[in-house]
Amino acid sequence: MNPRIKGLSDIHRTSPALPKPTASSSFTLFPVTHFDLAATLNSGQVFHWHEQDGVFLGLIGGELVRVSQPEPGMLQISPGHEELVSRYLALDHDLAKMQRTLPKRDAHLKRALKYSPGLRILRQPRWECLATFITSSLKQVAHIRQISLTLRERFGHPVATVNGVVLHAYPTPEALAQAGEAALRACGLGYRAKFLHQTASRIAEGNFDLEAPAALDDEAACELLCTLPGVGPKIAQCTLLFAYERLGVFPIDVWIERALRELYFAGAAENVSARELREFAVTHFGPFRGYAQQWLFHHARTSGTFSRLRKVV
DNA sequence: TTCCAGGCCCATG
DNA sequence: CATGGGCATGGA
């Protein structure tokens, strides 16, 4: 056992410590509209960004990036990263146009949209997104973040040191396959360790091509991803939405399921089958329902306006 | 202490 | 095809 490997509780105390941005750091100003950096990076799509006083520091692939939003219409981006960041943050998505395709008379969606109108669907690296969501099943967002950071620290390539804090890239499939199931389990993964290890191994050995789903339609891509261990419809759809630009998929997790039942089937919520919920989502929210899903999810989780839905930070 | 978490797998009707 | 139990771990 490597003595440098600390217990999870120690990791939790130390790893989220934010590297302080230096006062002299330069930046590029980048005008934006319909964009909310904090809502986007804190909406449960991604789990590794460090935030302090509105400044977000993190890795996009293997690149250290610093982003902040000093005013609604302006981003500060670390120099040289403008293109990388705008692609990752999907600044080219025409939110106004997509919002016009949403159902007109939906007060619930309208409320969620008003809560965080600038929340965008990211373009994440495929493997990082898939692997993170494999570790997400039956876990709270805060714990997914812990697991993600621990995996990075133990098996990811160190990219940069900022004020004494080392930031690591997400470990490659090869690194996780080589690490072994037991070492993954020691990161607090529980039963998910086997799934993550098996999926990483399959990809590392060349028995699954993460680019293959990109050539298929949404349904076929989902079925293909679901052939991987630990990947079912929900995780496959989150991956398609957050890493394959499939804005028409609608992942249904426990939050969305309760929100849909409570908001759209009030009174008969207990009698609605899972099949009916899926049908409703597809027919009601339109071609960009992935966005609708994310606005509803973020509002349901963090607004505290639901009586029966517990607020989790 | 008990309940629950951005579910999946597998065994039954 | 739909439903139910089991599953590891840690925070509330």
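Proteins get letters first, then strands, A, B, ... in listed order; numbering begins at 1 in each.
When heavy atoms are screened at a 4.0 angstrom cut-off, A:Leu241 is found touching no nucleic acid atom at all. In this structure, A:Ser43 reaches the bases: a heavy-atom distance under 4.0 Å links it to at least one base atom across the strands shown. Within 4.0 Å of A:Gln294, counting heavy atoms only, lies at least one base atom of the nucleic acid. Nucleic acid contact for A:Gly230: sugar-phosphate only, since backbone atoms but no base atoms lie under 4.0 Å from a heavy atom of the residue.
A:Phe133 and A:Phe47 have perpendicular rings, their planes meeting at more than 60° on a 0 to 90° scale where under 30° would count as parallel. Ring orientation note: the planes of A:Phe285 and A:Phe280 are nearly perpendicular, at an angle over 60° on the 30°/60° scale.
Listed candidates were C:dT9, C:dG10, B:dG7. Nearest to the side chain of A:Gln140 is C:dG10. Of the candidate nucleotides C:dT9, C:dA8, C:dA2, C:dT9 has the atom nearest to the side chain of A:Lys139. Among C:dA2, C:dA8, B:dC8, the nucleotide with an atom closest to any side-chain atom of A:Lys234 is B:dC8. Nearest nucleotide to the side chain of A:Ser137, out of C:dG11, B:dA5, B:dG7: B:dG7.
Straight-line distance from the CD1 atom of A:Ile144 to the P atom of B:dC8: 12 Å, rounded to whole Å. Going from atom CZ of A:Arg301 over to atom P of C:dA12 covers 12 Å, rounded to whole Å. Rounding to whole angstrom units, CD of residue A:Glu181 and C1' of C:dA8 are separated by 12 Å. Between the CG atom of A:Asp253 and the C1' atom of B:dC8 there is a distance of 14 Å, rounded to whole Å. A:Leu138 places its CG atom 11 Å from the P atom of B:dC4, with the value rounded to the nearest Å. B:dC8 atom P lies 15 Å from atom CD of A:Gln198, rounded to whole Å. Rounded to whole angstrom, the span from the CZ atom of A:Phe195 across to the C1' atom of C:dA8 amounts to 11 Å. Counting to the nearest Å, the P atom of C:dG6 and the NZ atom of A:Lys194 are 17 Å from each other.
For C:dG10, the OP1/OP2 oxygens have no side-chain nitrogen or oxygen of A:Arg192 closer than 4.0 Å.
We find the OG-CG distance between A:Ser137 and A:Leu196 to be 11.0 Å, quoted to the nearest 0.5 Å.
Centroid-to-centroid, the aromatic rings of A:His50 and A:Phe56 stay 6.0 Å apart or farther.
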Practice item. May I have the step-by-step check of salt bridge (charged side-chain N to carboxylate O under 4.0 Å, His left out) for A:Arg275 and A:Glu279, ending in yes or no? Key: CA-CA 6 Å; A:Arg275 172 69 180 169; A:Glu279 276 303 318; 3.4 Å; yes
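For the pairing with A:His298, the ring pair (Phe, Tyr, Trp, His ring centres under 6.0 Å) check across A:Trp255, A:Tyr115, A:Tyr291 returns one residue only, A:Tyr115.
Both A:Pro251 and A:Cys226 lie near DNA chain B, and the one whose nearest nucleotide falls closer to the 5' end is A:Pro251. Mapping A:Phe297 and A:Leu228 onto DNA chain B by nearest heavy atom places A:Phe297 closer to the 5' end of the strand.
B:dA11 and C:dA8 are spaced 15 Å apart, taking the P atom of each and rounding to whole Å.
Remark: C:dA8 base-pairs with no nucleotide in the shown strands. Criterion, Watson-Crick or G-U wobble with two distances under 3.5 Å.
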